[in-house]
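Have a look at the structure below, then the notes.
Numbers for residues simply follow the sequence, beginning at 1.
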Amino acid sequence: MMDILTSFGHGLLVVLEPANLMYCFIGVFLGTFIGVLPGIGSMAAIAMILPLTFYLDPTPALVMIAGVFYGAEYGGSTASILMNVPGTPAASITAIEGYQLAKKGRAGVALFSTAIASFGGGMIGMVVIAVLSPSLAQLALSFGPPEYFAVILLGLIAASAVSNGGALKGIAMVVTGLMLGTIGVDLTTGELRFTMGIPELRDGVHIVVVAMGLFGVTELIASIRSNSGGGVAQKLDYNNFYPSKEDWKSLPGPILRGGAIGSFIGALPGTGQTIAAALAYALEKRVSPQRAKFGTGVVPGVAVPEAANNSATQTAFIPTLTLGVPGSPPMAIVIGALMIYGITPGPRLLVEEPDMFWGLVASFLVGNIMLLVLNLPLIGMWVRLLRIPYKYMYPTIIVLICMGVYSLNNNVFDVWLTLVIGAAGYVMRLYRFEPAPLLLGFVLGPLMEEQLRRSMLLSRGDPMVFLERPISATLIGITFAIAVYGIYSTHRNRRLARTAAEQTQLEEPKT
C-alpha cells in the first residue's frame, strides 16, 4: 500500500506541473461543453480533440484526452435532465428519473445530485484503478466467452425490473432491443440481416439514433400532444438548487453501489459506460428504499447511473493500459493515440512509463475536482434555460437532435430513422411500454450474440460449457433466480390489483 501511495504522490506531482494542469483543465472544459450537446458523445469528442494532441508529449496528451472523456460523460446528464435529450448514450439512463425531477420543479436538485454522484463515482473509480489495477486486470483475463455471455444475460433479465409496466412488458422491450441490435451485417458470416434492402442499414442502427429517438423525439411529441409547454419552467423554484436533508441521506448508498458496479463493469474489456449505468439502475430499483417511486423522479435514480457511469469511465483505462484491450469504444482511440506516440499499451506499461501512468491516475483526482468546481456554479444557468417558453424550445431541441444524429455519418437517413423511432416510442409510451429495457437490449444484444457464438465454437456446440465453469454457472443461477422472482412478483401484483378492483366493485352498491 505504501508503494501505491508513493507512486500516486509522484503522479500528483507530475499532473500539478503547470503545463499538465492547463491541459487537464482544457480537456475537462471541452469535454463538458461537448457532453452537454445532444448526440455528440465522448467518442466524437475524443476524435475531435485527438489531432490537437499530436504536438504534445505523451503525458499531457493522455491527460487531456482523459479529461475530454470523463468531462463529456459528466456533461452528458445536463440535456437529459433538462430536456430529456441525452448528451451521451449513458445519460439516457439518467434521463429516466432526471427529467421527471425537472418536471417536478427540481431540475437544480437533479443537476446538483448528478454532479455530486459523478464526483463520488469518479473518485471510487480512481481508487480502484490505483489500488486494484493489477488484480482487476487479472480478473478480466479470467472472463472467457461463457462468462461474458452469462453476465450479459444477467443484465438483460435484470432489465425487466426497470419497466414500470411489469416484467412481461419489460421482457418484450428487451427482445425488441435485441431485434434492433441484429440489423446489419452479420460479423460472423458476412450476410446482411433484416436490412429490408435499405443500404443505409448495412452497418446497423447507431445507439445515438435509438437514444435520441426514444428519449428526445418521443418526449417532444408527448409534450406537444399534452400541451404542456412551459409547465416545467412554471414549477421551478430558482432559489432551491440544493438537495434537502432527506435527499442528502439518500445519496451515499446509490453512489457507493453505482461506483462499485461501474468500477467492475468498466474494468471488463469492451463493455462501456452505458452498460454500467443500466445495470446499476436496474439493481438500485430492486434494493433502494424508494424503489416504489422509481419512474416518478427520485434522487437515487439519478445518482446511481451517474456514479456508475463515471466510475466505469475511470476503470475503462485498466484493460486499455494494462492489457492493450479497449475498455470501451472511446478507449480504442486512446490506444491509437498511444501507438502514435510510440507507446505500446500492455502489462509492462506500468514499469516502462510510470510517470505517464501515475500522472494519468492522479489527473482523475485533479480533473474531477475541476469538474465539480466548474459544474456546480453553472447549475443555475442550466436550470434557467427552462424559463424559455417551449414554443421556442421545441424547434431548438429538434434542431440539436438532428444535428447530433446527422453528425454521426453525415447521412440524412439517420435523421429520418430517429424520427421514426421517436414516433414508435410515443406509441409504446401510450401502452405503458418503458424505453429503458429496449435500450439495454439494443446495447447488450450484439455483444451477447458474439459471446454465445464464441462459446459454442470453443465447446464444439456443447451448451453445458455455461454450467461447467464456476463464474458463468453462478451468474446463470442468479439470472434464473431473478427471472423466477420477477414472474412471481408480476403475478402477485396482478392478483392483488384484481382483488382490490373486485373489492371496490362490491363496496360501490353499499355507498
Please give me the minimum heavy-atom distance between [X] and [Y], naming the atom from each residue.
X: Thr94; Y: Ser77; value: CG2-CB, 4.2 Å
X: Ile124; Y: Ala260; value: CG2-N, 4.4 Å
X: Ala277; Y: Pro305; value: CB-O, 3.8 Å
X: Gly121; Y: Ser311; value: O-CB, 3.1 Å
X: Pro60; Y: Tyr23; value: CB-CD1, 3.8 Å
X: Gly259; Y: Ala307; value: N-CB, 3.9 Å

Spell out, as yes or no, whether a donor-acceptor pair under 3.5 Å connects the side chain of Thr218 to the backbone of Gly213.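 Yes, Thr218 side chain to Gly213 backbone: donor-acceptor pair under 3.5 Å.
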Tell me if a side-chain donor or acceptor on Glu97 pairs with a main-chain N or O of Val298 at a distance below 3.5 Å.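 Yes; at least one donor-acceptor contact below 3.5 Å.
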Side chains of [X] and [Y]: closer than 4.5 Å at any heavy-atom pair?
X: Val412; Y: Tyr406; answer: yes
X: Val217; Y: Ile221; answer: yes
X: Ile81; Y: Leu101; answer: no
X: Met428; Y: Leu214; answer: yes
X: Leu452; Y: Phe466; answer: yes
X: Ile261; Y: Val304; answer: no
X: Val210; Y: Leu438; answer: yes
X: Leu458; Y: Pro145; answer: yes

Taking only residues two or more places apart in sequence, or in another chain, which ones meet [X] in a side chain to side chain donor-acceptor pair (under 3.5 Å)?
X: Arg202; result: none
X: Asn368; result: none
X: Ser118; result: Glu306, Asn310
X: Gln451; result: none

Any chance you could lay out the side-chain contact (heavy atoms from CB on, under 4.5 Å) test for Ile478 and Thr474, step after step, and finish with the verdict? CA-CA 6 Å; Ile478 296 173; Thr474 302; 4.2 Å; yes
State the [atom1]-[atom2] distance between [X] and [Y], to the nearest 0.5 angstrom.
X: Thr195; Y: Asp203; atom1: OG1; atom2: CG; answer: 11.0 Å
X: Met456; Y: Asp462; atom1: CE; atom2: CG; answer: 7.0 Å
X: Leu475; Y: Leu153; atom1: CG; atom2: CG; answer: 9.5 Å
X: Ile476; Y: Leu467; atom1: CD1; atom2: CG; answer: 5.5 Å
X: Gln273; Y: Thr313; atom1: CD; atom2: OG1; answer: 4.0 Å
X: Ser363; Y: Met356; atom1: OG; atom2: CE; answer: 11.0 Å

Considering residues at least two apart in sequence or located in another chain, which fulfil the side chain to side chain contact (heavy atoms under 4.5 Å, CB included) criterion with [X]?
X: Glu147; answer: Phe143, Arg469, Ile471, Ser472
X: Phe413; answer: Ile198, Glu200, Leu201, Asn411, Leu417
X: Val399; answer: Met403
X: Ala66; answer: Tyr70, Phe317, Leu360, Phe364

Within 6.0 angstrom of Phe149 CZ, more than 12 heavy atoms from elsewhere: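 Correct, the count exceeds 12.
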Which pairs of donor and acceptor atoms, one on a side chain in residues 174-187, lie under 3.5 Å apart (sequence neighbours left out)?
unit_1 : atom_1 : unit_2 : atom_2 : d
Thr176 : OG1    : Ala172 : O      : 2.9
Thr182 : OG1    : Met179 : O      : 2.7
Asp186 : OD1    : Thr188 : N      : 2.9
Asp186 : OD1    : Arg453 : NH1    : 2.6
Asp186 : OD2    : Thr189 : OG1    : 3.4
Asp186 : OD2    : Arg453 : NH1    : 3.1
Asp186 : OD2    : Arg453 : NH2    : 2.8

Quick one: list whatever passes ring pair (Phe, Tyr, Trp, His ring centres under 6.0 Å) with Phe29, sequence neighbours left out.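 Partners of Phe29 by the ring pair (Phe, Tyr, Trp, His ring centres under 6.0 Å) criterion come out as none, since no residue qualifies.
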Please name all residues satisfying salt bridge (Lys or Arg N to Asp or Glu O under 4.0 Å) with Glu284, sequence neighbours left out, ordered by chain then number.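 Partners of Glu284 by the salt bridge (Lys or Arg N to Asp or Glu O under 4.0 Å) criterion, ordered by chain and then number, come out as Arg257.
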